[in-house]
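What follows is a single structure, written as structure tokens, with notes after it.
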Amino acid sequence: MADATVSVRAHCKLLLHAAKYPHSSVNGILLAEDNKNKDLTKSLRYVDCVPLFHVSLGLAPMLEIALLHVDAYCKSKGLVIAGYYQANENLNENEMNHVSKTVGTKVQENFHDACVLIDNRKVKPETVSQPYKVFAHKENGWKEIEKKSSSTEDELQKEQCLYTLLKSGAQRHVKDFDNHLDDVRNDWRNLELNDMIARCI
């Protein structure tokens with residue numbers, strides 16, 4: 001299992017996705033750089049994420065369409081689908097459920113790495129540090145792994161950026177794949193949000 005770290009952009013986008021739909025479960029895909037010459041099994045950095053769904057997380061046809069689009073996007077940008085995140089509707093449900101295990105396994109079949117589960121109780125401006133658990137697939141199923149602590153400076157930057165974005169209502173700008181399926185003008189790549197995060201950094 002690689003030591004996985006999450007960039008400010010990926011961190012903010014996945015938490016803003018959860019903040020936009022506090023009444024629903026949400027999920028998405030984590031992206032890493034496709035460094036063929038680098039051993040990603042030792043060190044992995046999630047550089048971006050793609051918010052997928054907030055209506056029904058487990059619909060296979062919609063998931064397959066979304067993954068095909070994301071995979072094509074990744075190939076054009078030198079990225080690879082390298083992880084999965086999910087925030088559950090029930091604030092006290094902080095373990096992997098059937099959907100997260102199924103989708104996580106699908107991602108893990110193509111890229112042997114982590115599944116990230118958000119702790120919804122911490123998605124608010126006052127407590128934005130360490131908001132997720134990390135799970136890895138072992139021989140006998142998915143197991144929570146201990147997160148390596150990031151540098152204090154890196155964590156502080158994530159906290160400050162997310163705090164600023166949540167206070168300004170940036171979560172309203174998140175477009176997930178459900179939004180795209182409702183209206184194709186909703187760009188699931190979230191380029192506008194990426195710019196907002198870059199300015200915040």
Side-chain angles (χ1 to χ4, degrees), residues 6 8-31 46 48-70 73 81-108 114-135 142 144 158-159 161-194 196-197:
V6 182
V8 175
R9 177 192 281 187
H11 175 85
C12 289
K13 281 171 74 174
L14 66 90
L15 291 173
L16 289 171
H17 188 207
K20 183 177 181 181
Y21 301 104
H23 56 284
S24 303
S25 297
V26 300
N27 68 355
I29 295 297
L30 294 158
L31 309 178
Y46 294 123
D48 203 352
C49 74
V50 176
L52 291 181
F53 305 113
H54 67 273
V55 176
S56 181
L57 308 191
L59 286 177
M62 299 300 106
L63 180 62
E64 287 181 28
I65 291 168
L67 289 177
L68 285 171
H69 277 77
V70 174
Y73 171 76
I81 295 172
Y84 170 78
Y85 73 84
Q86 180 172 314
N88 295 316
E89 179 180 1
N90 183 341
L91 295 183
N92 295 317
E93 186 184 344
N94 293 302
E95 300 302 323
M96 293 184 69
N97 59 20
H98 175 71
V99 173
S100 57
K101 287 177 183 175
T102 302
V103 182
T105 300
K106 176 94 173 150
V107 171
Q108 189 263 342
C115 174
V116 177
L117 179 71
I118 302 170
D119 183 344
N120 271 349
R121 290 169 297 185
K122 297 181 180 177
V123 184
K124 52 188 177 182
E126 294 76 22
T127 54
V128 293
S129 60
Q130 301 299 320
Y132 33 75
K133 296 179 177 183
V134 179
F135 292 81
W142 290 94
E144 185 177 356
K158 287 178 186 175
E159 288 178 28
C161 188
L162 184 59
Y163 179 86
T164 302
L165 291 165
L166 284 170
K167 283 292 191 184
S168 70
Q171 63 269 25
R172 294 190 303 267
H173 297 277
V174 175
K175 305 289 190 293
D176 64 15
F177 217 83
D178 272 329
N179 300 136
H180 178 72
L181 292 172
D182 288 339
D183 183 344
V184 294
R185 291 172 295 182
N186 291 320
D187 189 350
W188 54 264
R189 297 172 302 167
N190 285 287
L191 302 180
E192 179 186 355
L193 185 60
N194 290 347
M196 293 173 69
I197 295 168

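As the structure is a prediction and not an experimental result, all values here were calculated from the model.
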Sidechain-backbone polar pair: [X] side chain, [Y] backbone, donor-acceptor under 3.5 Å:
{"X": "Asn190", "Y": "Lys175", "answer": "yes"}
{"X": "Lys133", "Y": "Asn94", "answer": "yes"}
{"X": "Asp178", "Y": "Phe53", "answer": "no"}
{"X": "Ser24", "Y": "Tyr21", "answer": "no"}

[atom1]/[X] to [atom2]/[Y] distance, rounded to the nearest 0.5 angstrom?
{"X": "Leu63", "Y": "Leu59", "atom1": "CG", "atom2": "CG", "result": "9.0 Å"}
{"X": "Arg185", "Y": "Asn179", "atom1": "CZ", "atom2": "CG", "result": "12.5 Å"}
{"X": "Asn186", "Y": "Leu181", "atom1": "CG", "atom2": "CG", "result": "10.0 Å"}

Is there a side-chain contact between [X] and [Y] in this structure, where contact means two heavy atoms from C-beta onward sitting under 4.5 Å apart?
{"X": "Asn97", "Y": "Gln86", "result": "yes"}
{"X": "Asn27", "Y": "His54", "result": "no"}
{"X": "His180", "Y": "Asp187", "result": "no"}
{"X": "Tyr163", "Y": "Lys167", "result": "yes"}
{"X": "Leu16", "Y": "Leu162", "result": "yes"}
{"X": "Tyr85", "Y": "Pro51", "result": "yes"}
{"X": "Asp176", "Y": "Val26", "result": "no"}
{"X": "Ile197", "Y": "Lys13", "result": "yes"}

Plane angle bin for Trp188 and Phe177 - parallel if under 30°, tilted between 30 and 60°, otherwise perpendicular:
tilted
Nearest heavy-atom pair of Cys12 and Cys161: which atoms, and what distance?
SG-SG, 3.8 Å
Residue pair His23, Glu89: steps toward the side chain to side chain contact (heavy atoms under 4.5 Å, CB included) verdict
CA-CA 6 Å; His23 56 284; Glu89 179 180 1; 5.9 Å; no
Any side-chain donor paired with an acceptor under 3.5 Å for [X] and [Y]?
{"X": "His11", "Y": "Tyr46", "answer": "no"}
{"X": "Asn88", "Y": "Glu95", "answer": "no"}
{"X": "Trp142", "Y": "Ser100", "answer": "no"}

Check the pair Leu15, Leu165 against side chain to side chain contact (heavy atoms under 4.5 Å, CB included), reporting the backbone distance first and the verdict last.
CA-CA 10 Å; Leu15 291 173; Leu165 291 165; over 6 Å; no
Could you walk me through whether Ile65 and His69 pass the side chain to side chain contact (heavy atoms under 4.5 Å, CB included) check?
CA-CA 6 Å; Ile65 291 168; His69 277 77; 3.8 Å; yes
Leu14 and side-chain contact (heavy atoms from CB on, under 4.5 Å): which partner among Val174, Ile29, Leu30?
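Only match with Leu14 under side-chain contact (heavy atoms from CB on, under 4.5 Å): Leu30.
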Walk me through whether Lys158 and Val6 qualify under side chain to side chain contact (heavy atoms under 4.5 Å, CB included).
CA-CA 10 Å; Lys158 287 178 186 175; Val6 182; 4.1 Å; yes
